[in-house]
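Accompanying notes for the structure given below.
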Amino acid sequence: MATTAVNKVTYGLSNVHVWPITSTDTTGKPTYGTMIPISGAVEISLSPEGSSDPFYADDGIYFQSSTNAGYSGDLTIADIPTDFLVNVMKEEKDANGVLFENSDVVPNEFAIGFEFKGDVNKRRHIFYRCVAKRPEISSKTKEDKIDPNTPKLSITCLPRIDTKVVKASCEENDKGYASFFSTAPYEKETSTT
C-alpha cells in the first residue's frame, strides 16, 4: 500500500483572496459576491478565540468544557486594494474616483482564503465568516532607501451562522484542492471520510 507524502514544514504566504458576503438567508447561509484577489501578502497571524474551562471534582479535573469562538489576528499586505475598500469596508467612490468613508456604514462580512507552501505540498485555507476593522493610516518620510508601508487588516474569523463551520483546509494532493478557491469558497461535501 502506497503512502502519501506529507509536509514536514510549511512556509510562505500567497494566493490571498476575499469573497464579500452580500447577503444571508433566514438560516444564516451566506451568498458570496465577486472574489477579490489581495496581492502583496506579507504575513498572516490568526490566534484561536474561545475558552477551555475545567470543572473540579474528586480532587481533580472531572470535566473540561471548551468553546470555539473562531480566530482573530492580522493580515499584513503591501497595499489595501480599492475593491476591498469598496466591496467589504463599504467606502463610497464618487464619479471622480474619490473614496469616502462614512461613520454610519457597517462593513460587509467576508470569507478569506490563502495558501502556504510546504516542503512537499501546498496547503490552502479558507475562513468562512470574517469581519475587518478599519485599517490604520500611516507612512514615513523616504530616506536613503525606500521602506514600503505594510498596512495591517485586523480580522476576526467567526463561525458561520448556518453550519457553525469556522475554517477549512486542504493540501495539493487532495481532490478538493483544485476547486478550493473558485467563484465562491469551497463548500463541504455531504459525505465525509
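We number each residue from 1, following the sequence as shown.
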- Which of Glu171, Glu172, Glu115 passes side-chain hydrogen bond (donor to acceptor under 3.5 Å, both in side chains) with Arg123? It is Glu171
- Message: Taking side-chain hydrogen bond (donor to acceptor under 3.5 Å, both in side chains) as the criterion, tell me which of Ser154, Ser45, Ser47 meets it with Asp74.
- Response: Ser154
Nearest 0.5 angstrom please: [X] [atom1] to [Y] [atom2], how far?
| X | Y | atom1 | atom2 | result |
| --- | --- | --- | --- | --- |
| Thr76 | Asn149 | OG1 | CG | 12.0 Å |
| Lys164 | Leu158 | NZ | CG | 11.0 Å |
| Ile44 | Leu75 | CD1 | CG | 5.0 Å |
| Arg124 | Phe114 | CZ | CZ | 12.5 Å |
| Asn87 | Trp19 | CG | CH2 | 14.5 Å |
| Lys142 | Asp144 | NZ | CG | 10.5 Å |

Same hydrophobic cluster for [X] and [Y], using side-chain heavy-atom links shorter than 4.5 Å among ILVMFWY?
| X | Y | value |
| --- | --- | --- |
| Val105 | Leu85 | no |
| Val166 | Ile126 | no |
| Val88 | Phe181 | no |
| Phe180 | Met35 | yes |

Quick one: closest heavy-atom pair of [X] and [Y], and the distance?
| X | Y | result |
| --- | --- | --- |
| Ile155 | Cys130 | CG2-CB, 3.9 Å |
| Pro159 | Arg129 | O-NH1, 2.9 Å |
| Ser182 | Ser179 | CB-O, 3.8 Å |
| Ile36 | Pro20 | CD1-CG, 3.8 Å |
| Leu99 | Glu91 | CB-OE1, 3.7 Å |
| Met89 | Ala132 | CE-O, 3.7 Å |

Are the side chains of [X] and [Y] in touch, meaning some heavy atoms are under 4.5 Å apart?
| X | Y | answer |
| --- | --- | --- |
| Val18 | Ile112 | yes |
| Pro185 | Tyr128 | yes |
| Pro37 | Asp83 | no |
| Ile38 | Pro81 | yes |
| Thr22 | Asn108 | no |

- Task: Decide side-chain contact (heavy atoms from CB on, under 4.5 Å) for Glu136 and Lys152; before the verdict, give the C-alpha distance in whole Å, the side-chain angles of both, and the deciding distance to 0.1 Å.
- Result: CA-CA 7 Å; Glu136 292 182 6; Lys152 285 184 182 179; over 6 Å; no
- Message: Looking at Tyr11, I'd like to know if its OH atom is crowded, meaning that more than 12 non-hydrogen atoms belonging to other residues, nucleotides or ligands lie closer than 6.0 Å.
- Response: yes
- Query: For Lys90, does the NZ atom sit with more than 12 other heavy atoms under 6.0 Å from it, leaving out its own atoms?
  - Reply: yes
- Verify, without hydrogens or angle tests, whether Asp25 (side chain) and Thr27 (backbone) share a donor-acceptor contact under 3.5 angstrom. yes
- Do any N or O atoms from the side chain of Asn7 and from the backbone of Val120 form a donor-acceptor pair under 3.5 angstrom? yes
- Task: Kindly assign one of parallel, tilted or perpendicular to the pair Phe110 and Phe84, based on the angle between their ring planes and the thresholds 30° and 60°.
- Result: perpendicular
- Message: Checking Val16 against Ile77 for the side-chain contact (heavy atoms from CB on, under 4.5 Å) test, could you report, in this order, the C-alpha distance in whole Å, the side-chain angles of both residues, the deciding distance, and whether it holds?
- Response: CA-CA 10 Å; Val16 179; Ile77 52 182; 5.9 Å; no
- All ring-ring contact (aromatic ring centres under 6.0 Å, His included) counterparts of Tyr32, not counting sequence neighbours: none
- With a 3.5 Å cut-off and no angle check, do the side chains of Thr67 and Ser51 form a donor-acceptor pair? yes
- Task: Determine, step by step, whether Asn15 and His17 satisfy the side-chain contact (heavy atoms from CB on, under 4.5 Å) criterion, reporting the C-alpha distance in whole Å, the side-chain angles of both residues, the deciding distance to 0.1 Å, and the verdict.
- Result: CA-CA 6 Å; Asn15 212 3; His17 293 84; 2.6 Å; yes
- Determine the sole option in Leu13, Asn121, Val9 for which the side-chain contact (heavy atoms from CB on, under 4.5 Å) test with Phe116 is passed. Leu13
- Message: One pair to check against side-chain contact (heavy atoms from CB on, under 4.5 Å): Thr82 and Lys93. What are the steps and the verdict?
- Response: CA-CA 9 Å; Thr82 300; Lys93 187 189 275 195; 3.8 Å; yes
